[in-house]
Amino acid sequence: MRYVISGAAGFIGSHLCDRFIQSGHEVIAIDNLITGHRENIEHLLDNAGFEFIEHDVCRAVNISGPVDKVFHLASLASPVEYLNHPIETLESGSTGTRNMLEVARRHGASFLLTSTSECYGDPLEHPQPESYWGNVNPVGLRSCYDESKRYAEALTMAYHRVYEIRTNIARVFNTYGPRMALNDGRVVPAFIDQALRGANLTVFGDGSQTRSFCYISDLVEGLVRLSESEERYPVNLGNPSELSILDFANQIRVRFGDKPGIVFKPLPSDDPKVRRPDIRKAKRILGWEPRVELEEGLTLTIDYFKSLAVADLIH
Ligand code: UDP
């Protein structure tokens with residue numbers, strides 16, 4: 001198979017590239033490196049089946065040769081990054097999605113969109129099933145991300161209906177693991193970075209807001225299964241095991257011998273108070289559910305960030 005993956009040098013994209021290259025497929029990887037990192041795909045560059053194109057998906061994308069599947073992941077996915085780049089975020093969700101859908105249409109390929117749990121906004125239904133339409137502030141600070149992803153979902157469905165493209169929409173919930181950017185502001189790398197530096201953990205609000213963290217290998221498995229399915233409507237992919245951010249901070253503290261303290265900072269605006277995927281649909285149609293417990297995934301992630309810190313000291 002020949003895959004095109006946008007956002008390929010990002011956290012999730014690079015793991016997806018690994019998965020396909022390891023199974024003997026070809027990958028054309030696109031990334032403009034605004035938040036992705038060349039280091040994430042460096043180990044693949046010498047592989048004959050792997051091609052990297054540094055390109056912004058907001059400009060027309062031309063691929064030569066056949067394409068079997070298009071995976072559109074390119075997006076500024078961390079709240080800090082999308083708040084810093086709201087227009088680029090809106091553009092990659094809208095124009096970027098259109099350009100990648102065009103690649104699928106021209107090549108007769110299938111298309112998978114990585115959408116987001118942010119489509120549910122600050123949810124009034126808990127846990128969130130795919131049938132819930134969400135509670136999104138359309139003009140709030142987060143709207144650049146939430147609304148562009150909701151638009152991307154609508155555009156994907158329109159391409160399916162008008163051009164009969166085989167499309168899939170994954171609603172990705174909080175995912176973590178090696179290759180997250182240490183400084184992208186998201187809570188998992190932020191707490192690990194703070195603990196490694198001997199700093200206090202910055203808990204926003206009173207820490208009672210909840211999240212559910214899915215380990216990267218589980219998510220990649222879910223994306224691959226979804227891309228092989230006939231399901232055209234959105235499917236939640238995430239780990240339903242929910243905890244408060246304060247509990248999460250305490251888990252990190254225990255990992256570091258209770259040394260890090262906690263400082264409370266203001267809660268960002270429109271920060272969802274609860275989030276937990278209802279994954280019954282993914283279980284039913286994909287036979288998928290996460291396998292990696294937070295305990296195990298955190299060990300792998302902390303080891304990765306420690307190895308980066310050691311490499312930094314050596315260089
Ligand atoms: N958060 C926090 N401290 C941090 C970073 C994030 O308490 O240093 C909180 C944030 O307010 C949110 C949760 O952790 O409630 C998850 O934030 P993240 O940025 O990882 O992603 P989100 O789930 O909001 O998209």
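One-based numbering, in listed order, for ligands and for the atoms of each.
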Heavy atom under 4.0 Å from ligand 1: found in [X]'s side chain, backbone, both, or neither?
| X | answer |
| --- | --- |
| Arg211 | side chain |
| Gln209 | side chain |
| Val80 | neither |

Should [X] and [Y] count as an ion pair when the cut-off is N to O under 4.0 Å?
| X | Y | result |
| --- | --- | --- |
| Arg275 | Glu242 | no |
| Lys69 | Glu228 | no |
| Arg150 | Glu153 | no |
| Glu231 | Lys281 | yes |

### Query
Looking at ligand 1, does Lys265 have a heavy atom less than 4.0 Å from it?
no

### Query
Hey, does Phe248 sit under 4.0 Å from ligand 1 if you only count heavy atoms?
no

Which atoms from ligand 1 have a heavy atom of [X] less than 4.0 Å away?
| X | value |
| --- | --- |
| Asn174 | 21 (O), 22 (P), 23 (O) |
| Arg142 | 24 (O), 25 (O) |
| Arg275 | 22 (P), 23 (O), 25 (O) |
| Ile245 | 7 (O), 13 (C), 14 (O) |
| Val203 | 7 (O) |
| Glu118 | 25 (O) |
| Ala190 | 8 (O) |

Judged by modelled atom types alone, do [X] and [Y] share a side-chain donor-acceptor pair under 3.5 Å?
| X | Y | answer |
| --- | --- | --- |
| Glu147 | Ser143 | no |
| Gln128 | Ser117 | no |
| Ser14 | Arg179 | yes |

Top protein contact for [atom], by heavy-atom distance:
| atom | value |
| --- | --- |
| atom 17 (O) of ligand 1 | Val187 CB, 4.1 Å |
| atom 11 (O) of ligand 1 | Asp271 OD2, 2.6 Å |
| atom 7 (O) of ligand 1 | Phe204 N, 2.8 Å |

### Message
So that I know where these two stand, are Tyr176 and Tyr304 an aromatic pair - ring centroids less than 6.0 Å apart?
### Response
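No.
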
#### Entry: Validation row, ring centre Phe213 to ring centre Phe248 under 6.0 Å
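Ring centres of Phe248 and Phe213 closer than 6.0 Å.
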
### Query
Hey, looking at atom 8 (O) of ligand 1, which of Asp193, Ile262, Thr202 has the closest heavy atom?
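Among Asp193, Ile262, Thr202, the closest heavy atom to atom 8 (O) of ligand 1 belongs to Thr202.
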
### Message
I'd like to know if the side chain of Asn236 and the backbone of Asp278 have a donor-acceptor N/O pair within less than 3.5 Å.
### Response
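Yes; judged by distance alone, with no hydrogens or angles, the pair exists.
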
